[in-house]
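For reference, the structure is listed below as structure tokens.
These numbers come from the heavy atoms of this one structure, side chains and all, not from hydrogens, waters or symmetry mates. Residue numbering restarts at 1 for every chain, and letters A, B, ... go by the order of the sequence lines.
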Amino acid sequence: MTLFVEVALPVRVNTPFTYQLSTDEPLDAGTRVLVPFNAKQLVGIVLCCKNEIDFDPKKVKPVTKVLDTTPALSADMLELARWVSQYYHYRLGECLSLMLPKGLRGDNPAQKSTVSVTQLTDKGKLVHPNQLAKKPKQQAWLSQLNSQAAISSKQATSLELSPSSRNTLIKQGLVVKTDLPIPILHNQATDPNALELNTEQQTVLDNIALDAGFQCHLIFGVTGSGKTEVFLQLMQQVLDQNKQVLILVPEISLIDQTIKRLKARFDTTFALLHSGLNDTQRNDAWLDARSGDARIVLGTRSSVFCTLPDLGLIIVDEEHDGAYKQNDTLRYHGRDVAIVRAQKQNIPVVLASATPSLESLHNALNNRFVLHRLTQRAANAQMPFIEMVNLKQHEPVDGISQPLHSRIQQHLEHNKQVLLFLNRRGFAPTVMCTECGWQAVCHQCDARLTLHKNQLICHHCNQSQPILRQCKSCSSHSLTAIGNGTVRSEMYLETHFPNTHIIRLDKDSTQTKDALKTQLEIISNGEPCIIIGTQMLAKGHHFDQVTLVGVLDCDSGLFSADFKGEERTLQLLTQVAGRSGRAKDLGEVLIQTYHPTHPLFQAIENNQYEFYAQQLLDARHDMLLPPFNFSALIQADHQYAYTAESALIALKQIPLPPQVDCIGPMPAFMAKLANRYRFHLVLKSQHRSQLHMAITILQNALQKQSKVRWFIDVDPNEL
DNA sequence: AGCACGCCGACT
DNA sequence: GTCGGCGTGCTC
């Protein structure tokens, strides 16, 4: 009897395709196969085998090649992919393809890469290095190979072993060159002892049951409360049970410091998965995780899709971070997928943050999550002292007011470090003509151009232009830089603190490989310095010697049109403030603002994150915003605004389930981006199932047209 | 997504 | 007559 397989392909068609197998050996679901599709060969994932087909047998083609002996994706992951596909309304075949590392999306075998090494032959093992005393270079090779079974050519160079003498040894048949798989990242712990927990930490540890199946825990611990130590000890328990741990962090810059702590503590194997790896490294790490060889897997959001045979615990650190949401192709939320995965695999998941997202806080307060609080800073560090600077009274120069300036001076005199936060890179956000009011704008977007040192750059489409000398509207020479970015404040600091090391941390200063790492190392030396940077500073980094944090400007976040604007500002300020005074010395935080009476600042001043978050939740409740209803966004874009808008107007005529509101179409926040006009339709409902029904109806309609480009974003980050 | 098929306007 | 515009529909 002929055996058929249903294969999901990475194409924009929702249905699986059927192919014929050449043997009667069934394939496991999750196996990669190479199949003909149109004129091409594509890699697909086997969904199931079957004996019969329900369409024209003449059309069925045979599978070209079976690519895996072990399925690339486990049955768990296949099921997760089905959920992801339905929830985010994205085609299953494409979801599955995105779950594989790039190296396995093609028709390569799932094998680890190899490294060429030199090893002793059986004959060579019988030779004592002293027998080669007259040939010191060869002798060096033999003695090294007696203490280390395999030497790569890279190691040989650093050990100053001569390649030519190795070739002589090869000719003599004493050593041989072979290709071995890249060894797994295995670590010897340098500091394996658990720290002593305070009572609060101990209570949290005791209350997270690892053997109770699925449960979602939220550790709400103030900055510096020692959350990490709690999950290190939790991880130890999981590892002792012979299970794997998956830790997610929001972005790549946090991988370094996290892995440092993990390596110090655990004597075990690791896999790191993040965007800084090349395809080979990523592939290797992924295969280590899938085989179960790696016991700890640390990665950014996409590692939530990694096949792990013995998974026992998922940790989502800094769970509030917006970087967990993917904003292209498959628009999933890493944290939410992690929770669903834990549920499907019936294991615990731990979310942690000093500033939990409103969704998670809401879930915790409603007992859907188990809430654990850490209210004290560990190691007796005190919460910082927070103060506002009213910019109406203290006009800033290049972003820095007099009170902040003198406070910087004080802290530097005490040999401390200062951290300044400004969420705007470049020199100045606007170039304006003081004669006629004209501003330099991007030709491709509805955005002003940011002034950088040598050019004008659009931060939205990355297009650059040379710096203008004359106004394009009235030809006057009165062009002025308005507002300020990190570079402008950096220049101010260089002028006024000429003997102090100024370190700028933003996307522009950390472009080159390792730049961030080097700069973080300089900071950790502890020398007094001023660090100025964008939001990347706020993300969980440990700055021991920082005692003063200055927030140069966060007013734009207070009155944002976006429903999450205030939540983000609250989180950002709380996190930034938390960078101050992590060690013994009391920290200080100065926030510059033109609106010092805004209630958000009062909450920050009094360390009332939860109080204010609760108020924001109440407001969301009154306005029926998430998490009190569910929403999805449909974007259509086209080179002509009219075409994009009419496509959505047509869509709106389609009848939807009664309990779904359809709002729009309206222009997107930046209606023109990279020469395309973008319009939104927003769907809202109290009922998740009705919302999904509505999305499906509209998606089907969209698939039938080819005029506009479109996407669907479920639980969008911005409305 | 690609790629072919097919039905209408402006060219050698 | 035919070259090529892009609307429609299919891919196992």
Side-chain angles (χ1 to χ4, degrees), chain A residues 1-68 71-73 78 81-82 84-85 88-100 102 104-107 326-332 634-640 642-651 653-654 674 676 696-713:
Chain A
M1 182 187 278
T2 331
L3 202 54
F4 302 96
V5 277
E6 285 208 343
V7 178
L9 292 171
V11 291
R12 291 176 63 110
V13 186
N14 223 353
T15 49
F17 292 83
T18 310
Y19 291 87
Q20 215 177 92
L21 281 176
S22 54
T23 62
D24 45 12
E25 193 72 22
L27 288 177
D28 287 330
T31 305
R32 292 177 310 141
V33 287
L34 188 67
V35 292
F37 188 78
N38 279 341
K40 275 190 186 163
Q41 295 287 324
L42 291 181
V43 174
I45 302 286
V46 172
L47 297 177
C48 63
C49 288
K50 52 186 197 178
N51 294 314
E52 282 164 30
I53 46 171
D54 41 16
F55 68 97
D56 186 2
K58 283 196 277 303
K59 284 186 180 173
V60 182
K61 294 181 185 172
V63 167
T64 311
K65 197 175 172 190
V66 178
L67 297 167
D68 296 320
L73 294 169
L78 225 56
R82 285 209 162 87
V84 165
S85 164
Y88 292 107
H89 294 264
Y90 209 74
R91 276 145 211 110
L92 180 63
E94 288 177 290
C95 291
L96 288 165
S97 183
L98 288 167
M99 287 168 90
L100 293 170
K102 271 216 187 73
L104 296 183
R105 287 177 207 166
D107 58 350
Q326 172 140 41
N327 279 323
D328 60 348
T329 57
L330 170 58
R331 293 165 186 262
Y332 67 99
I634 297 175
Q635 176 175 305
D637 65 79
H638 195 266
Q639 64 179 125
Y640 304 123
Y642 171 79
T643 314
E645 192 178 13
S646 9
L648 291 185
I649 291 172
L651 211 58
Q653 311 311 313
I654 302 171
R676 292 183 74 89
T696 307
I697 292 169
L698 298 182
Q699 186 179 27
N700 288 338
L702 280 164
Q703 272 162 0
K704 289 204 181 89
Q705 62 84 46
S706 57
K707 271 206 180 112
V708 299
R709 207 162 66 183
W710 55 273
F711 66 75
I712 290 165
D713 191 346

Sugar-phosphate, base or nothing in reach of A:Tyr19, heavy atoms under 4.0 Å: sugar-phosphate
Under 3.5 Å donor-acceptor, A:Tyr332 side chain and A:Asn327 backbone: no
Nearest-angstrom distance from the residue atom NZ of A:Lys704 to P of C:dC10: 12 Å
Spacing between A:Lys40 atom NZ and B:dA1 atom P, to the nearest angstrom: 12 Å
Donor-acceptor pair, side chain of A:Arg32 and main chain of A:Asp107, under 3.5 angstrom: no
N/O (side chain, A:Lys59) to phosphate O (OP1/OP2, C:dT11) under 4.0 Å: yes
Touch class at under 4.0 angstrom, heavy-atom based, for A:Val11 against every strand present: nothing
Rounded interatomic separation in angstrom, taking CG from A:Leu3 and P from C:dC12: 19 Å
Touch class at under 4.0 angstrom, heavy-atom based, for A:Pro10 against every strand present: nothing
Atom pair distance, as rounded to whole Å: CG in A:Asn14 and P in C:dC10: 16 Å
Ion pair check, A:Glu94 and A:Arg12, cut-off under 4.0 Å: no
Between C1' of C:dT8 and CZ of A:Arg12, the distance in whole Å: 16 Å
Nearest-Å distance for atom pair CD/C1', residues A:Gln41 and B:dG2: 15 Å
Whole-Å distance separating the CZ atom of A:Phe37 from the C1' atom of C:dC10: 8 Å
d(CD, A:Gln703; P, C:dC10) in whole Å: 14 Å
Interatomic distance, A:Ile634 atom CD1 to A:Trp710 atom CH2 [nearest 0.5 angstrom]: 8.5 Å
